[in-house]
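Notes follow once the structure below has been shown.
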Amino acid sequence: MDTVIVLVALALSGLAVIVLTAIVIGVTESRQRGAWRQIAAERRRAWERRQRQLHGGPHHVEAWADEDTD
């Protein structure tokens, strides 16, 4: 009987650790979301700038043009 109580307590404590870890990660991620979005926007602008330098400017490509000719 004591072994069952110990196993249940161990399982519940493990579950509590998982829940607390999820809460901490969620709070941390929500606080960092703005910074990550800013970093992603800066990387996107740098990538677009490199593409314009490599390819000479913006190109408009209509992706569905080939499929509409059937």
Side-chain angles (χ1 to χ4, degrees):
M1 184 76 160
D2 291 333
T3 325
V4 173
I5 294 173
V6 170
L7 288 175
V8 169
L10 183 63
L12 289 176
S13 64
L15 186 60
V17 166
I18 291 172
V19 169
L20 287 174
T21 302
I23 291 171
V24 168
I25 289 172
V27 169
T28 304
E29 287 291 321
S30 68
R31 288 185 179 176
Q32 294 293 327
R33 186 177 304 143
W36 285 115
R37 287 182 188 267
Q38 182 179 3
I39 290 169
E42 291 171 0
R43 289 180 178 177
R44 169 107 187 167
R45 284 190 295 270
W47 178 83
E48 289 173 345
R49 196 169 38 252
R50 284 193 310 272
Q51 294 303 309
R52 281 192 300 272
Q53 289 173 352
L54 290 173
H55 302 293
H59 296 285
H60 177 71
V61 177
E62 188 170 336
W64 303 103
D66 292 338
E67 294 178 11
D68 291 339
T69 59
D70 292 340

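We use all heavy atoms of the structure for the numbers below, so side chains are in, but hydrogens, waters and symmetry mates are not.
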Margin query: Tell me which one of T28, T21, V27 satisfies side chain to side chain contact (heavy atoms under 4.5 Å, CB included) with I25.
Written below: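 Checked T28, T21, V27 against I25; only one passes side chain to side chain contact (heavy atoms under 4.5 Å, CB included): T21.
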Next item on the list: Decide whether L12 and V4 are clustered together by the hydrophobic rule: side chain heavy atoms of Ile, Leu, Val, Met, Phe, Trp, Tyr closer than 4.5 Å, transitively.
Entry: yes
Nearest 0.5 Å please: distance from the [atom1] atom of [X] over to the [atom2] atom of [Y].
| X | Y | atom1 | atom2 | result |
| --- | --- | --- | --- | --- |
| R43 | R45 | CZ | CZ | 12.5 Å |
| Q38 | R33 | CD | CZ | 15.0 Å |
| L15 | L20 | CG | CG | 9.5 Å |

Check: So, E48 and R44, do they make that salt bridge, N to O below 4.0 Å?
Finding: yes
